[in-house]
Visitor: 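Before I ask anything, let me first share the structure, which is written out below as structure tokens.
Each chain gets a letter, A, B and so on, in the order the sequences are listed, and its residues count up from 1.
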Protein chains: 2
Amino acid sequence: MNLKQLSAHLKLSQTTVSRALNGYPEVSEATRQRVMKAARDLQYSPNLRAKSLATGRTQAIGHVLPISKQHEMVNPIFGDFISGAGQTYSRAGYEIVISLVGDDDEEAAYRNIRMRGSVDGIIVHGPRMKDPRIPLLKELGLPFVVHGRASQIDTPYSWLDTNNLRAFTRATEFLLDLGHRRIGLVNGLEFMDFAHRRREGYTAALTARGLTADPALMRSGEMTEIYGFRSAQEMLAGSDTPTAFLVSSMIAALGVRRAIHDAGLEMGRDVSVITHDDDLGYLRNGHDVPIFTATRSSVRAAGTGAAEMLLKLIREPGHAPLTQMMEAELIIGTSTGPARR
Amino acid sequence: MNLKQLSAHLKLSQTTVSRALNGYPEVSEATRQRVMKAARDLQYSPNLRAKSLATGRTQAIGHVLPISKQHEMVNPIFGDFISGAGQTYSRAGYEIVISLVGDDDEEAAYRNIRMRGSVDGIIVHGPRMKDPRIPLLKELGLPFVVHGRASQIDTPYSWLDTNNLRAFTRATEFLLDLGHRRIGLVNGLEFMDFAHRRREGYTAALTARGLTADPALMRSGEMTEIYGFRSAQEMLAGSDTPTAFLVSSMIAALGVRRAIHDAGLEMGRDVSVITHDDDLGYLRNGHDVPIFTATRSSVRAAGTGAAEMLLKLIREPGHAPLTQMMEAELIIGTSTGPARR
DNA sequence: TTGAAAGCGCTACCAC
DNA sequence: GTGGTAGCGCTTTCAA
């Protein structure tokens with residue numbers, strides 16, 4: 001069932017039917033009702049491609065996921081982020097288009113997205129420091145919102161970010177307050193902006209107490225379980241071993257926990273662990289030490305927030321860049337305790 | 001830059017340029033080269049919406065994610081699956097369109113996808129038992145591949161699935177061989193087909209040894225960490241406590257591990273755990289007991305496989321349904337040991 | 001081997 | 001308040 005058939009059925013012009021369906025004012029209420037009813041009964045649903053071609057708008061948002069040619073893994077938070085964003089989009093009648101872009105042909109990929117004209121705006125994932133995509137997208141004139149930020153980019157752009165600097169500063173301070181002095185940092189790849197900021201927070205907290213960050217206690221890598229395992233194992237094998245770990249991801253933390261266990265140590269007693277973690281709300285009950293977390297629901301909320309920002313930018317071309325900072329939560333857990341040594 | 005401009009620039013008709021670009025044979029080689037070069041130089045990239053309108057094909061694949069109105073979480077494996085599928089799509093020039101569909105308005109949602117005509121085919125995620133989407137999609141005549149299967153659907157359809165039945169049978173047998181008799185099952189929601197099959201495997205292995213599955217040792221729920229925690233805590237609080245757990249997801253297993261720890265027990269000695277887990281390959285080194293796993297790379301492979309099946313179905317309309325079974329891996333870990341009691 | 005022109009389904013301008 | 005019609009950018013007959 002297309003517009004032509006529907007309007008023939010109603011004995012009205014396509015123009016009128018189109019207007020009735022799209023809420024234009026110059027249609028009589030009676031006609032509108034009749035059209036709406038027929039559309040429902042006949043299960044009419046407009047061809048979005050044709051609509052897009054006619055209007056120039058596509059009613060679709062692009063989510064561009066950077067995929068490293070080396071590991072090809074998608075950031076596991078993506079599912080939750082898109083679930084949050086999706087609610088906003090579908091309410092507004094937008095589709096979601098995913099593009100996976102390798103790190104080799106980035107510029108061409110973004111130019112293509114622009115030229116193909118299949119999206120009205122873009123959410124940029126996984127920003128790196130000095131990310132070249134930001135000036136590129138500004139040049140292309142496609143509305144975009146960055147999930148995260150890109151340091152050392154001086155022109156303004158729209159972003160929504162978690163306050164990673166502050167989160168890691170607080171987590172480090174917390175461990176220092178518990179008496180820890182040797183704190184291992186198991187961080188993400190530090191050309192990624194979020195990981196860079198996390199390390200900044202970590203070192204800032206140490207420096208504020210007159211301590212210097214020991215390079216032997218810092219690791220940067222793709223956050224897999226084996227990476228967490230190896231990193232913790234190496235640090236625990238040294239002479240002046242850490243009494244606590246600050247871990248940038250739940251997955252890597254799994255490996256860290258395993259390494260602690262294998263070393264014959266007990267979490268929360270011999271070694272403390274603070275990690276971005278998931279669904280730990282239950283630990284509020286009956287335990288008494290904090291764990292730093294980015295919950296799944298906060299990631300969903302970030303998705304919703306970013307989507308709303310982008311839709312606003314699309315609706316109001318020329319609008320000034322929007323920014324939003326989200327604070328991370330601290331909740332209570334058992335993996336963290338006072339330093340023993 | 002569009003076709004019109006490009007052909008004007010080349011002083012050729014749109015027809016010829018289009019033919020040259022799309023590999024039609026009736027274009028002279030010289031012309032084709034000239035066109036190709038100009039297209040590259042001028043960064044021409046066809047408007048997919050217009051192409052789609054003209055051809056009837058959309059060059060896009062829909063991935064439909066069921067979202068429960070209660071929890072609204074996306075299955076965490078989705079990211080890896082889409083990453084695998086995406087490689088195949090982009091090589092073939094297809095875009096990915098994501099639709100989030102709540103469990104309330106499913107039929108309408110799928111009909112809409114059909115009518116809007118924005119995809120050439122669909123990957124169905126999260127199939128339930130007797131899933132009504134399968135007959136619906138057959139009726140709609142849209143090519144589709146199910147990631148997983150739907151029990152009690154008798155008409156043939158295309159699917160790609162992990163052998164969950166066999167995986168959980170083997171894992172249970174393995175624990176039984178180690179002397180375990182009280183094995184807790186922390187399973188997913190059992191209206192989901194994969195969870196149903198996993199329980200079947202678990203009970204089949206027990207039955208084959210003359211044991212009966214104890215309802216007190218079986219849990220079914222959405223696989224969050226707190227769910228794993230509570231499930232294990234309850235079972236460990238009983239009188240005849242389990243000596244092993246079979247856990248359907250890594251996230252839930254985190255909670256199970258924590259409950260074991262909180263109960264003052266040690267994993268692999270007092271209580272064994274077998275779980276679908278991630279990146280545990282490193283445990284092959286120096287350890288000696290198996291852990292059942294669905295690795296991230298196997299999920300990627302599933303995505304690739306499903307995408308290839310779907311493209312084949314799209315290219316050859318009327319092709320008979322395709323099916324593919326993937327076997328789960330067993331690798332070596334430390335969480336599992338012989339029964340102590 | 002190349003080109004002119006119709007048409008995919010819709011919107012939006014201009015008349016009435 | 002309603003309708004005719006010219007495109008949106010591309011493919012695909014049909015003719016040359």
Side-chain angles (χ1 to χ4, degrees), chain A residues 1-36 38-39 42-60 93-95 111-120 315, chain B residues 1-36 38-39 42-60 93-95 112-120:
Chain A
M1 172 66 52
N2 60 26
L3 227 213
K4 194 169 181 177
Q5 296 170 306
L6 180 62
S7 49
H9 173 87
L10 286 163
K11 301 206 191 339
L12 284 169
S13 73
Q14 295 188 37
T15 315
T16 304
V17 176
S18 169
R19 279 200 277 240
L21 256 18
N22 291 297
Y24 282 73
E26 62 269 59
V27 175
S28 80
E29 201 44 43
T31 315
R32 187 188 307 278
Q33 292 307 330
R34 204 161 67 88
V35 171
M36 295 294 237
L42 298 167
Q43 303 207 70
Y44 168 76
S45 138
N47 181 314
L48 289 188
R49 324 296 273 209
K51 201 162 177 162
S52 149
L53 191 57
T55 55
R57 282 168 282 114
T58 66
Q59 294 289 100
Y94 279 80
E95 292 192 321
R111 287 194 185 277
N112 263 344
I113 289 168
R114 176 79 180 88
M115 298 282 52
R116 278 197 311 246
S118 39
V119 298
D120 291 336
R315 287 189 190 121
Chain B
M1 173 64 56
N2 59 27
L3 227 211
K4 195 170 179 174
Q5 296 170 305
L6 180 61
S7 48
H9 173 87
L10 285 163
K11 302 210 192 333
L12 284 169
S13 72
Q14 295 189 38
T15 316
T16 304
V17 175
S18 168
R19 282 200 275 239
L21 256 20
N22 292 297
Y24 283 73
E26 63 269 57
V27 175
S28 79
E29 201 44 42
T31 314
R32 186 188 307 279
Q33 292 306 332
R34 204 161 67 88
V35 171
M36 296 293 238
L42 298 167
Q43 304 208 66
Y44 167 77
S45 139
N47 182 313
L48 289 188
R49 322 297 274 209
K51 200 160 179 164
S52 150
L53 192 57
T55 55
R57 282 168 281 115
T58 66
Q59 295 290 98
Y94 279 80
E95 292 192 321
N112 263 343
I113 289 169
R114 176 78 181 89
M115 299 280 54
R116 278 196 312 244
S118 38
V119 297
D120 290 337

Visitor: Would you name the heavy atoms of Val27(B) and Ala20(B) that are closest together and state the gap between them?
Guide: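 In this case the closest contact between Val27(B) and Ala20(B) is CG2-N, 3.8 Å.
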Visitor: Where is the tightest heavy-atom contact between Asp120(A) and Gly56(A), given as atom of each residue plus distance?
Guide: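 So the minimum-distance heavy-atom pair works out to OD1-O, 4.4 Å.
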Visitor: For dT2(C), does OP1 or OP2 lie under 4.0 Å from any side-chain N or O of Thr16(B)?
Guide: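 For dT2(C), neither OP1 nor OP2 has a side-chain N or O of Thr16(B) closer than 4.0 Å.
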Visitor: Please report the closest heavy-atom contact between Arg49(B) and Ser118(A), naming both atoms and the distance.
Guide: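 Smallest interatomic distance, heavy atoms only, reads NH1-O, 3.2 Å.
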Visitor: Between Ser28(A) and dT2(D), is there a contact of a side-chain N or O with OP1 or OP2 at under 4.0 Å?
Guide: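 For dT2(D), OP1 or OP2 has a side-chain N or O of Ser28(A) closer than 4.0 Å.
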Visitor: Nearest whole Å is fine: how far is dC10(C) P from Gln59(A) CD?
Guide: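 Value for this atom pair: 14 Å.
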Visitor: Would you check if the side chain of Thr55(A) reaches a backbone N or O of Lys51(A) as a donor-acceptor pair within less than 3.5 Å?
Guide: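 Yes: the side chain of Thr55(A) pairs with the backbone of Lys51(A).
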Visitor: Under 4.0 Å, heavy atoms only, any strand: does Ser52(A) hit a base, just the sugar-phosphate, or nothing?
Guide: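 Nothing, no heavy atom under 4.0 Å.
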Visitor: I need the minimum non-hydrogen distance between Ala38(B) and Leu10(B), along with the two atoms involved.
Guide: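 It is CB-CD2, 3.7 Å.
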Visitor: Can you tell me the distance, in whole Å, between the CG atom of Leu12(A) and the C1' atom of dG3(D)?
Guide: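 So the two atoms are 10 Å apart, to the nearest Å.
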Visitor: Could you run through nucleotides 8-16 of chain D and give me one letter per nucleotide, 5' to 3': B if any protein heavy atom sits under 4.0 Å from the base, S if only the sugar-phosphate is that close, - if neither?
Guide: BBBBBB---
Visitor: Is there side-chain contact between Leu12(B) and Arg34(B), with at least one heavy-atom pair below 4.5 Å?
Guide: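 Yes - at least one pair of side-chain heavy atoms lies under 4.5 Å apart.
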Visitor: Could you state the atom-to-atom distance from CZ of Arg34(B) to P of dT1(C) in whole Å?
Guide: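 Rounded to whole Å, this separation is 15 Å.
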